[in-house]
Amino acid sequence: MNWFTKLFRKAATRLFTFAPSWLRYAFSEISPEKLVKEGYKKNSAVSACATTLQLTFPEPPLLVGYEDEGRFVPDYKHALMKLLQQPNPDMGMAEFLQFAITYNPIGGNCYVHKIRNDGGRVIALYPYSDLNVEPIRGIDTSEGFVRAYEYDPGDGRKTIIPKDDIIHWKWMIDPEFPWKGIGAIALCAKDVDKDSEATSYVYALLKNNAVPPLVVNLEEDDDSTQEEIDAMGAKWIQKHSKGQPAFISAGMKVTQLGYDLNKLAGETLADVPETRIAANFHVPPSVAGLNVGVKRSDYGDTAARKAFTEQTLMALWRSFASEMYNGLKDEFNLPPNYTLKFDVRDVGALQELKKDQRVSVNELWKSGLITRAEAKRELSIKPLPGDDVYYVSLATEFVDAGGNGAVERDSTVSGQRSTVGSQRKGSAVSRQLLSIRNQTAKRMTGAVDAYFSQLADRVIERAKSDSTTKVTKGHEGKSDLPSVDDLMDAGDRKQLADLVKRFYIEVIELSWDLWNVALGVEIAFDLGDPAVTRALKLATKHIQEIDDEIRENLKKALQYASEHGWGIDELVRGDATQPGLRDILVDENYARTVARAELGSAQNAATAERYKDAGVTKVEILDGGAEDSAPACDLANGMIWTLELFERNSLQHPNCSRAAAPYFGDAEAATSWAYPFGTRG
């Protein structure tokens with residue numbers, strides 16, 4: 001007797017009985033043996049539904065754990081967890097769950113016997129069915145619905161099992177006998193019988209060939225005896241396997257002697273009981289593979305499987321976990337925050353439901369109705385110390401949940417510069433944009449450096465080519481110098497264009513979701529978006545400028561070589577005054593500058609276009625503080641500019657780290673800037 005029962009006895013002032021004192025057992029109209037033999041083993045619709053439950057119920061493992069800030073945390077080292085993983089020496093958790101879900105809907109009850117060692121500690125769990133166990137009802141509320149359980153192994157030697165040693169899990173409550181459950185088969189017994197009889201009838205019809213295949217008309221003077229007719233029929237069957245013909249005398253009229261399958265409407269006859277059987281097992285006919293479900297199935301049945309999981313399996317998981325917890329919590333002294341729960345995270349049919357939940361929670365978070373910590377708890381994620389904030393927009397700031405939830409904007413200082421609080425708001429966006437740009441620049445620097453190294457190899461090879469080598473009069477042993485067009489061709493420029501555009505697209509795509517968050521919108525990345533096309537148009541212009549710069553440097557080298565009477569070897573090698581061809585083209589600092597300048601131009605051009613499309617008219621500038629920052633950069637840092645001014649002055653110099661965040665405050669925006677590109681201030 002547990003502590004709750006003792007406490008209840010002390011508190012009770014009046015005891016109520018559940019049934020007459022002489023009624024000790026609750027015998028069903030249908031015996032457990034008949035439910036198994038005539039229902040589960042003989043009826044295909046019943047076995048299909050039962051098998052479906054057996055295959056799906058054990059999918060998630062049953063875990064012991066504790067609740068921590070709205071999420072369930074499994075405790076894999078707990079002693080009860082070890083018992084659940086192997087309930088007894090004969091079976092693991094999955095098989096144990098299969099036994100439970102087999103016994104429960106068939107007989108209406110599953111009895112889990114707690115096996116104890118000499119010290120009284122539970123060391124094993126065994127599942128029993130109604131074939132072996134019968135509840136002995138309690139006399140009154142002091143004993144509860146059940147006083148004890150009687151175990152019958154089938155040999156007549158019955159054993160009484162104490163109530164505390166059995167965990168009783170019911171399929172459905174039987175109002176007539178509330179201390180015992182009622183199974184799915186008993187609830188639809190007539191439909192099971194109807195389905196079985198219909199199946200047997202059709203089987204007999206086919207087996208016995210109830211309609212004679214042919215009729216033999218006897219002659220008028222043929223007075224064959226019945227024995228002779230039977231002998232002729234037997235010879236026919238012996239020769240043609242089956243289907244005895246009918247023998248009629250002359251002048252007799254022949255009518256159909258039995259039903260054919262069309263008139264019998266066999267499918268319709270089976271559909272009604274199949275539907276009712278599936279309904280009592282709470283298994284959709286299409287999921288169980290029943291004929292009535294397959295006829296209406298496209299073999300996808302995603303909705304049916306999802307409904308089966310959500311409406312049937314989840315209810316069964318919750319019910320079974322609750323009964324197991326109630327029967328084991330005192331045995332293992334579980335703390336108040338501990339519980340038993342099925343781990344449904346990997347259940348396939350629930351993945352769409354989890355996705356819908358994530359979308360729903362994300363919408364609540366973005367709408368500012370819940371904090372980030374509350375959103376994480378809804379998704380069973382442990383909140384971090386900084387998560388107790390509301391979302392408004394990265395263009396403003398996070399608002400402490402301890403306040404009133406209002407977004408306060410600071411007043412301005414001077415005509416153009418925002419306050420410290422507003423700077424903090426804008427930097428949330430700007431710094432993340434700059435971080436994306438810097439990370440991408442590292443990859444692009446390596447790619448640009450590799451491009452120039454390969455270009456140098458090609459240029460030197462072309463310079464030494466026999467097709468560009470001639471002996472110059474008066475300079476025996478010297479070579480006629482090639483032109484810039486001999487050293488570089490359209491393929492070089494295309495390769496550069498492909499490289500630059502690839503990184504333009506990469507930095508824009510990486511920045512896309514950040515712009516979405518900053519603007520409070522959900523726009524999918526698209527190469528055809530104006531923000532992308534505008535940046536790529538700018539890339540075409542910059543590629544031409546880089547190509548022109550390379551050609552100009554090569555032209556100067558060729559001119560110097562010509563003035564000093566150099567041949568190809570001197571041109572390639574260079575001297576202290578004039579770098580050689582490789583030194584002109586390969587410069588790590590130049591590659592870094594190209595990467596940072598191009599990515600800054602691409603990101604800021606797309607930034608301006610995204611803000612413009614969202615109706616933003618003012619931006620807050622984040623600039624300065626980088627290694628190569630200019631005084632003009634430091635001056636611009638924290639200022640509020642019009643979007644048009646930012647478009648015209650997106651960078652101050654090639655290595656500039658300027659970025660911008662949307663600004664929705666009341667500060668007056670600057671409309672002009674006195675320091676054009678290249679002016680350091």
Side-chain angles (χ1 to χ4, degrees), residues 433-463 465 482-515 523-555 557 581-610 647 650-651 653-657 659 677:
L433 288 173
L434 184 57
S435 175
I436 291 172
R437 188 194 306 175
N438 289 338
Q439 291 299 319
T440 310
K442 293 178 181 178
R443 296 189 295 276
M444 186 174 178
T445 297
V448 172
D449 191 50
Y451 166 78
F452 281 118
S453 178
Q454 295 168 6
L455 177 62
D457 291 338
R458 293 194 298 270
V459 167
I460 292 172
E461 183 180 355
R462 291 164 187 165
S465 175
S483 66
V484 174
D485 290 335
D486 292 329
L487 299 181
M488 291 187 63
D489 58 25
D492 299 323
R493 187 176 184 279
K494 183 180 184 305
Q495 188 175 346
L496 176 64
D498 291 343
L499 185 153
V500 172
K501 289 182 178 180
R502 172 165 62 88
F503 279 97
Y504 264 53
I505 293 172
E506 180 178 333
V507 74
I508 294 172
E509 186 171 9
L510 290 173
S511 307
W512 200 265
D513 286 338
L514 184 59
W515 290 321
I523 299 177
F525 175 76
D526 184 0
L527 287 175
D529 191 275
V532 181
T533 56
R534 181 173 183 267
L536 292 179
K537 184 177 180 180
L538 188 64
T540 301
K541 176 185 175 183
H542 288 186
I543 291 164
Q544 182 63 55
E545 292 173 354
I546 295 172
D547 187 72
D548 290 345
E549 184 177 1
I550 297 171
R551 286 173 170 272
E552 183 61 28
N553 290 336
L554 291 175
K555 183 178 179 181
L581 292 179
R582 183 172 296 280
D583 293 330
I584 292 173
L585 296 171
V586 180
D587 184 345
E588 184 179 351
N589 291 330
Y590 181 69
R592 185 183 301 110
T593 300
V594 168
R596 296 186 62 176
E598 294 309 313
L599 292 176
S601 297
Q603 190 183 57
N604 285 345
T607 296
E609 197 65 34
R610 285 297 310 271
E647 284 186 281
S650 63
L651 295 178
H653 51 85
N655 282 318
C656 189
S657 60
F677 181 81

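Put simply, the side chain of Tyr590 never gets that close to the backbone of Ile584: no donor and acceptor are under 3.5 Å apart. A donor-acceptor pair is defined here as one N or O able to donate and one able to accept, closer than 3.5 Å; such a pair exists between the side chain of Trp512 and the backbone of Ile523. Counting only distance, with no hydrogens or angles, the side chain of Asp547 and the backbone of Ile550 share no donor-acceptor pair below 3.5 Å. A side-chain donor-acceptor contact under 3.5 Å links Gln603 to the backbone of Leu433. Counting only distance, with no hydrogens or angles, the side chain of Thr540 and the backbone of Leu536 share a donor-acceptor pair below 3.5 Å.
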Pair Ser435, Asn438 - check side-chain hydrogen bond (donor to acceptor under 3.5 Å, both in side chains), show working.
CA-CA 5 Å; Ser435 175; Asn438 289 338; over 6 Å; no
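Summarising the geometry of Val532 relative to Phe525, their closest heavy-atom pair is CG2-CE1, 3.9 Å, with the distance given to 0.1 Å. Considering every non-hydrogen atom in both Arg582 and Ser453, the closest pair reads NH1-O, 3.9 Å.
For the pair Arg437/Asn604, a side-chain contact is recorded, criterion being any heavy-atom separation below 4.5 Å from C-beta on. Arg462 has its side chain out of reach of Pro482: every pair of non-hydrogen atoms, C-beta onward, lies at least 4.5 Å apart. In this structure, Arg458 and Asp492 have side chains that are in contact, with non-hydrogen atoms separated by less than 4.5 Å.
Evaluation of the side chain to side chain donor-acceptor pair (under 3.5 Å) rule for Lys494 yields Asp498 as partners, not counting sequence neighbours.
Remark: the Asn553 side chain and the Glu549 side chain contain no N/O donor-acceptor pair separated by less than 3.5 Å.
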